[in-house]
Every structure is written in structure tokens, then in C-alpha cells.
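Worksheet: the structure to be examined is printed underneath.
To find a chain, count down the sequence lines: A is the first, B the second, and so on, and within it residues start at 1.
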There are 2 protein chains.
Amino acid sequence: MGKKAYEKEGAVAAPRRIAMTPAARRALDAAGRLFYERGIHAVGVDLIAAEAGVTKKTLYDRFGSKEQIVVEYLAERDERWRSFLAGYLAAAAPTPRARVLAVFDASRDWAADRSEKGCAMVNAHAEISDAAHPAYPIITGQKAWMLALFTDLAREIAPDRAEGLARTLVLLHEGGLVAHGLHVFPEALDQARDDAERLLAGGTELAGSGR
Amino acid sequence: MGKKAYEKEGAVAAPRRIAMTPAARRALDAAGRLFYERGIHAVGVDLIAAEAGVTKKTLYDRFGSKEQIVVEYLAERDERWRSFLAGYLAAAAPTPRARVLAVFDASRDWAADRSEKGCAMVNAHAEISDAAHPAYPIITGQKAWMLALFTDLAREIAPDRAEGLARTLVLLHEGGLVAHGLHVFPEALDQARDDAERLLAGGTELAGSGR
DNA sequence: CCAGAAGTAAACAGATCGGTCTACTCTCTC
DNA sequence: GAGAGAGTAGACCGATCTGTTTACTTCTGG
């Protein structure tokens with residue numbers, strides 16, 4: 001059996017296409033914040049430059065196009081999430097159940113201060129129609145990777161029904177992110193974590209203690 | 001006790017602000033399709049006019065602004081979803097369990113040919129940052145209404161843990177829509193429905209038969 | 001028969017979009 | 001000390017954006 005998904009190396013394709021000079025760093029930070037908060041199409045390159053304290057020429061010298069800034073934004077966010085998650089997985093008890101719950105813990109903490117508007121990949125997908133867009137594989141890649149991660153963990157818990165278990169975990173996880181981002185109810189990711197815990201406990205009823 | 005959420009009258013505020021002349025109808029249909037497929041900010045009024053076979057003057061005579069077209073698009077989609085869902089609820093066996101599953105059935109059928117890119121409200125939310133935007137209450141209103149619907153049904157199933165049960169159902173439902181829209185795995189809403197079924201069956205393990 | 005509503009066709013306006021370009025400065029490093 | 005790389009400042013380009021306007025047509029109800 002090969003490596004686990006979460007042990008494999010990070011994101012999609014090339015590690016870093018852009019020379020991250022200080023100005024490029026500030027620009028990408030500003031772009032990321034603006035893209036996430038206001039949406040990709042709603043943010044112009046002039047605004048990014050102004051917010052970053054950088055000229056448009058520098059922007060285009062470093063990134064070449066707005067599309068490339070978008071790609072870097074999503075690729076970097078993807079990398080950071082995987083790295084953030086890896087820390088939680090490493091710190092968790094070495095049982096598959098604890099590791100599954102560590103994913104939900106990571107999401108809760110990540111969402112609390114970096115994902116107030118829901119999943120950046122889901123939100124970007126809403127604005128990117130063309131499957132040929134260079135950012136597309138980053139978006140779908142992260143979701144596929146999360147499913148693979150849950151599947152690996154589920155296989156250690158119940159090999160005979162790993163796929164179904166993993167898919168249920170994906171539903172709870174994505175549902176938690178949406179409910180969090182749209183403020184459907186408070187602490188949605190705690191709810192998702194508790195549901196996952198009851199799910200893994202098995203036998204007992206799933207939605208036991210009304211949170 | 002008052003009426004059930006799904007028995008209450010439809011959407012938010014005024015029933016219809018716009019005189020739906022034939023040209024306005026074509027325009028709103030075209031706008032809805034384009035907004036959903038390509039994103040709101042990516043679609044200009046010239047494109048809407050061209051696709052609808054309508055002049056820009058007519059667009060502005062009827063709707064007054066692009067923002068208002070967006071509002072009408074979301075309000076109408078919300079109304080149609082609630083009406084679509086009401087049909088499934090009316091056709092379902094009069095037990096709360098059957099009604100919950102009817103919601104997932106409705107979502108599966110709705111998503112199959114009208115929601116290939118996920119929930120329109122979630123996608124619109126990704127593009128609308130300002131909570132003061134007139135479309136905002138439509139988006140959050142639909143999510144709150146769905147939670148209320150699940151809560152009403154959950155109360156008939158298990159009054160002592162209705163809130164937790166309803167929230168779990170929301171997670172599965174929203175998760176199913178996201179997984180469907182991003183093609184995380186096939187037939188995500190069937191998975192969500194089956195998970196809901198196992199959840200309502202209680203006692204047994206949730207992710208039993210790996211779908 | 002005619003008034004008004006609904007529509008077409010197309011030019012127009014000002015702002016903003018993504019992107020380019022020139023000219024100059026600063027700071028390293030060989 | 002010369003050249004290269006990274007940066008600022010800001011003008012500029014054509015395209016596109018939302019929105020407006022003028023002039024004319026077509027249909028319908030009293």
C-alpha cells in the first residue's frame with residue numbers, strides 16, 4: 001500500500017512559479033484578502049496595487065496577469081491549509097478516529113479567523129465557469145485530496161465501508177464550512193465535529209445531544 | 001404552536017416588484033441562466049440584453065439597475081425552489097421521517113438539472129460582500145428557512161434533540177450540494193439522502209452500506 | 001381614433017477594467 | 001564603478017462596464 005494522501009507532497013504541479021520579492025509578497029497578501037472578502041471579479045488590479053502599496057508595473061513584472069495572481073492566491077491558500085492541517089494530524093493521537101476529529105478541529109480553528117466567509121475554493125468555483133481555467137485543478141484538487149484523506153482514514157476504521165464513511169465525513173465537513181460561512185447557525189464546525197464523533201462511535205444515535 | 005415553516009408564505013418581502021412583461025421575462029430568464037453559469041460579476045448587462053433578444057433600454061425600463069436584476073434573479077430562484085420543494089413535501093407520506101427524506105429527494109432532482117454548479121445562494125454569497133446588499137436577506141433567508149423547516153420536522157421526530165438533529169440535517173444537505181456542484185464524488189445528494197435515512201433510523205451505524 | 005405602454009435600434013457618456021510603457025531611483029554584486 | 005534587478009510614479013491604451021438618451025414603431029383598450 002502506498003503513502004497516505006495527507007503524507008504525499010503538497011499541492012498541484014509546480015512548487016512556485018513566481019519570484020516572491022517583498023513587493024510581490026505584499027501584493028499577493030493584499031490580493032488574497034481582497035479576493036476572499038469581496039470576490040475575485042469584484043477586485044481590480046488597481047485596487048490590489050493600491051492596497052499593497054505597490055505599482056501596477058511591479059504587479060505585472062512579477063505576476064504577468066491578473067489570472068496568474070488568482071492562481072497564486074488559490075495555490076498558496078491550498079498549500080497553507082494542507083500545512084495547517086498537517087500540524088493537527090501530527091499532533092493528534094495516532095488512532096484513525098482521533099485523526100479524523102483532528103481534521104474537523106483544524107477546520108474549526110482555520111475557519112474561525114481565516115475563513116469567515118466559507119471555503120475559498122468553493123467561493124472561487126462560483127466565479128470560475130471555465131473548466132479550462134488554470135485555477136480549476138487547484139479547486140477540484142483540494143476537494144479530491146480531502147476525500148482521499150478521509151478515505152485513507154476511514155479505511156483504517158472500517159475497511160469494508162471506507163468509501164461510504166469517507167463520503168459522509170466529506171458531507172459533514174463541507175456542510176460545516178457552508179453553514180459557518182453563511183451563518184446558518186453558530187459554531188457550525190463544532191456541530192460537524194460532534195456529528196463526526198458520533199458517527200465514528202457508531203451504534204449510538206448520531207444526533208444525540210442537541211448542541 | 002404556529003404554522004410550520006414550510007407552510008408559511010414564500011420568500012422575503014414584496015411578492016413582485018417588477019412588471020413581468022414578455023421582454024422582462026426573457027431578460028430575467030437569460031440573466032438567471034448567465035448569472036448562475038458564469039457568476040454575477042462576470043455577466044454584463046449588454047450580454048444579458050443580447051442573449052434575451054432585448055435592448056438595454058428595455059432592461060433599464062423594467063429593472064432600473066443591474067443590482068435589481070440580481071435581486072429578482074435570486075428572489076425568483078428562491079420562490080421556485082420553495083414551490084418545487086412544497087410539491088415533494090405534499091406528495092410524501094405524512095410522517096416526519098418521510099418528509100425529511102422528501103427534502104433530500106427534492107434537492108437531488110432539483111440539482112440534477114437546475115443546480116449543476118451547486119447552490120445559487122451559496123455562489124451568490126461568494127460574490128456579495130456587503131451585508132447591506134438588497135440580495136443579502138434573500139440568501140440568508142433561504143438558509144434560515146431551510147434550518148427552520150428541518151427543525152420543525154425534527155421536532156416531530158425527537159422533540160428533545162430537535163435542534164441538533166436539524167443542524168445535522170442541514171450539514172448533510174449543504175454538504176451534498178457542495179459535493180455535487182464541485183463533483184467531489186458522484187451522486188452526492190443520494191449519499192446525503194442515505195445518510196439522512198440512516199440518521200433518522202437511529203440506533204444503527206450511520207455510514208453502513210458504502211455507497 | 002388616439003393615448004399610453006412596451007418595445008427596437010443605436011448612439012452616447014463617464015468610469016473602470018486589464019494591461020503597457022517611459023523615465024527615473026535605489027541597492028546590491030561582480 | 002558598471003550593470004542588473006527590483007522598485008516607484010504616472011501617463012496612456014483600447015475594451016468593457018453600468019447607465020442614459022433620442023427617435024421611431026407596434027400593439028392594445030377605452
Side-chain angles (χ1 to χ4, degrees), chain A residues 16-74 124 126-130 132-136, chain B residues 16-74 124 126-130 132-136:
Chain A
R16 175 108 287 142
R17 290 152 290 259
I18 301 302
M20 268 306 170
T21 61
R25 179 73 273 151
R26 292 204 310 277
L28 189 52
D29 288 346
R33 183 174 51 78
L34 290 166
F35 284 156
Y36 182 72
E37 287 175 2
R38 308 193 193 180
I40 291 169
H41 287 308
V43 172
V45 290
D46 294 87
L47 178 60
I48 294 170
E51 289 275 309
V54 151
T55 60
K56 273 211 290 180
K57 180 174 181 298
T58 299
L59 264 194
Y60 280 89
D61 282 349
R62 296 295 125 236
F63 296 94
S65 69
K66 179 187 175 181
E67 187 175 80
Q68 190 60 37
I69 302 179
V70 173
V71 169
E72 294 295 324
Y73 153 58
L74 291 172
E127 295 201 74
I128 295 175
S129 45
D130 187 5
H133 191 289
Y136 208 85
Chain B
R16 174 109 284 141
R17 293 150 288 259
I18 301 302
M20 268 306 177
T21 61
R25 177 75 271 150
R26 292 202 312 278
L28 189 52
D29 288 347
R33 183 175 51 78
L34 291 166
F35 285 156
Y36 182 72
E37 287 175 2
R38 307 192 192 180
I40 292 169
H41 287 309
V43 172
V45 290
D46 294 87
L47 178 61
I48 295 171
E51 289 276 308
V54 152
T55 60
K56 273 209 293 179
K57 180 175 180 300
T58 300
L59 265 194
Y60 280 89
D61 282 348
R62 296 295 126 239
F63 296 94
S65 69
K66 180 187 174 180
E67 186 174 82
Q68 190 60 37
I69 302 179
V70 174
V71 169
E72 293 296 323
Y73 152 58
L74 291 172
E127 295 201 73
I128 295 174
S129 44
D130 188 5
H133 192 289
Y136 208 85

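- For dT8(D), one of the phosphate oxygens OP1 or OP2 lies less than 4.0 angstrom from a side-chain nitrogen or oxygen of R26(A).
- Protein atom CZ of R62(B) is 16 Å distant from nucleotide atom C1' of dG19(D), rounded to whole Å.
- Phosphate contact (OP1/OP2 of dT18(D), side-chain N/O of S65(B), threshold under 4.0 Å): absent.
- The ring pair (Phe, Tyr, Trp, His ring centres under 6.0 Å) check on F63(A) picks up nothing, with sequence neighbours excluded.
- Considering all non-hydrogen atoms of both residues, I40(A) and V70(A) come closest at CG2-CG2, 3.7 Å.
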| Are L28(B) and M20(B) close enough, and set up right, to give a side chain to side chain contact (heavy atoms under 4.5 Å, CB included), and what steps lead you there? | CA-CA 9 Å; L28(B) 189 52; M20(B) 268 306 177; 2.9 Å; yes
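- Taking all atoms of both residues into account, the shortest heavy-atom contact from A24(B) to R62(B) is CB-CG, 3.7 Å.
- Rounded to whole Å, atom C1' of dG19(C) lies 12 Å from atom CG of D61(A).
- Using a 4.0 Å heavy-atom distance criterion, T55(A) is classed as a base contact.
- With sequence neighbours excluded, the residues forming a side-chain contact (heavy atoms from CB on, under 4.5 Å) with T55(A) are K57(A), T58(A), listed by chain and number.
- No side-chain heavy atom of E72(B) sits less than 4.5 Å from a side-chain heavy atom of I69(B).
- Between V71(B) and A135(B), the shortest heavy-atom contact is CG2-N, 4.0 Å.
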| message | Across nucleotides 21-30 of chain C, 5' to 3', mark each nucleotide with B, S or - according to how protein heavy atoms within less than 4.0 Å reach it. | response | BBB-------
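- For dG19(C), the OP1/OP2 oxygens have a side-chain nitrogen or oxygen of Y60(A) closer than 4.0 Å.
- Distance, I69(B) CD1 to dT18(D) P: 9 Å, rounded to whole Å.
- Residue V54(A) has its side chain nearest to dT8(D) when only dT8(D), dG7(C), dG19(D) are considered.
- Here the nucleotide nearest the side chain of T58(B), chosen from dA9(C), dG7(D), dG7(C), is dG7(C).
- Between L59(B) atom CG and dA10(C) atom P there is a gap of 17 Å when expressed in whole angstrom units.
- Not counting sequence neighbours, Y60(B) has no partner by the ring pair (Phe, Tyr, Trp, His ring centres under 6.0 Å) test.
- Atoms CE (M20(A)) and P (dA6(D)) sit 13 Å apart, rounded to a whole Å.
- Less than 4.0 Å separates DNA chain D from at least one heavy atom of each of the following residues of residues 37-50 of chain B: V43(B), G44(B), V45(B), D46(B).
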Could you pull out every donor-acceptor pair under 3.5 Å between side chains of residues 41-53 of chain B and any protein atom, sequence neighbours left out?
residue: H41(B); atom: NE2; partner: E127(B); partner atom: O; Å: 3.1
residue: D46(B); atom: OD2; partner: K56(B); partner atom: NZ; Å: 3.4
residue: E51(B); atom: OE1; partner: R33(B); partner atom: NH2; Å: 2.7

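- Counting to the nearest Å, the C1' atom of dT16(C) and the NZ atom of K66(B) are 13 Å from each other.
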